[in-house]
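These notes are about the structure you will find just below.
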Amino acid sequence: MKHYICQTCGTQYNAKRQPIAFCPICEDERLYVKDDGQTWTTIEEMRENGYQVEHRDEGEGLIGIGISPTFGFGQRALLLKTEHGNILWDCISYMDQEIIAMIKAEGGIDAIAISHPHYYGSMVEWAEQFDCPIYLHADDAAFVMRESERITFWEGNRHVINEDVTIVRLGGHFLGSAVLHWAKGADEKGVLLTGDTIQLVADKRWVSFMYSYPNQIPLPIREIKQMMKRLESYPFHTLYGSKWGEVIREDAKVRVKKSAVRYIQVLDN
């Protein structure tokens, strides 16, 4: 029995003797199945094939954690260190002894929170290793492919992890797509971790929002307005996206608002 991992989306599955024929996450219209068909791996095979976990200091009390060479979507998770405990935002598919030792030296992981199903990765593997809960929005429960008692499904538009950190459901990309708000970050001006619920683009003065990034399906105007309404009461100066180097260091909320206005104007013409 093995916990197979989809090589396209990086999601780890319930243990089976053989992998299933298809990945429901990839079959969803937001994603795709590669031209050469569905392929699978495991953490053990990834180790044998030379994958490693790299980590970098991202500043602001954040440590980036990603897979080398690039795997799945190429996202990096973020370990947020707060005075009330460490939170892993989003997840990756692989782990090794080096990253386990590094994280333990930093105080471990007190909770895992994930923006949306494309970044579930091997979340249960990570939760078991660090003996911590996983917080997922209930609207995306159907996309959980490895069940665990460690998963807590929260509902509504906000879930408080500790007095400094709140998960905020914006919707859009998925029904339960969320961001993580760290109130004391950036000298108490606020930091927002977005996954790709809000997507950083090449021009860092702007962001974007999509139903499907690979298939280039936009969101309707009503969804953008709803996302901005849910975000309005959360101040933030800095914004971190889902990949290495995706950071807006200043005036992030102003740039998000301007981007939403521009997006709506383009769709409304």
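On a predicted model such as this, the values are computed, not experimentally measured, just so you know.
In this structure, R230 has no salt bridge (charged side-chain N to carboxylate O under 4.0 Å, His left out) partners at least two apart in sequence or on a different chain. With sequence neighbours excluded, no residue satisfies salt bridge (charged side-chain N to carboxylate O under 4.0 Å, His left out) with D268. For K189, the side chain to side chain contact (heavy atoms under 4.5 Å, CB included) partners are A186, H237, not counting sequence neighbours. Remark: W40 pairs with Y13 by the ring pair (Phe, Tyr, Trp, His ring centres under 6.0 Å) rule, at least two apart or across chains. E83 pairs by the side chain to side chain contact (heavy atoms under 4.5 Å, CB included) definition with D164, K184, not counting sequence neighbours. Applying the salt bridge (charged side-chain N to carboxylate O under 4.0 Å, His left out) rule to E27 yields no partners; only residues at least two apart in sequence or on another chain are considered.
Residue W244 belongs to no hydrophobic cluster, having no ILVMFWY side-chain heavy atom closer than 4.5 Å to its own. The hydrophobic side chain of V261 is isolated, with no ILVMFWY side chain under 4.5 Å apart from it.
Pairs passing the side chain to side chain donor-acceptor pair (under 3.5 Å) check and including a residue from residues 50-59, sequence neighbours excluded, read E54-R56, E58-R76. Residues in residues 31-46 take part in no salt bridge (charged side-chain N to carboxylate O under 4.0 Å, His left out) pair, two or more places apart or across chains. Residue pairs that meet the ring-ring contact (aromatic ring centres under 6.0 Å, His included) test with at least one member in residues 202-229, sequence neighbours left out, are H173-Y213, F209-Y263. Among residues at least two apart or in separate chains, side chain to side chain donor-acceptor pair (under 3.5 Å) pairs with a member in residues 99-111 are K81-E106.
The hydrophobic cluster containing I99 also contains I43, counting ILVMFWY residues as joined when their side-chain heavy atoms lie under 4.5 angstrom apart, directly or transitively.
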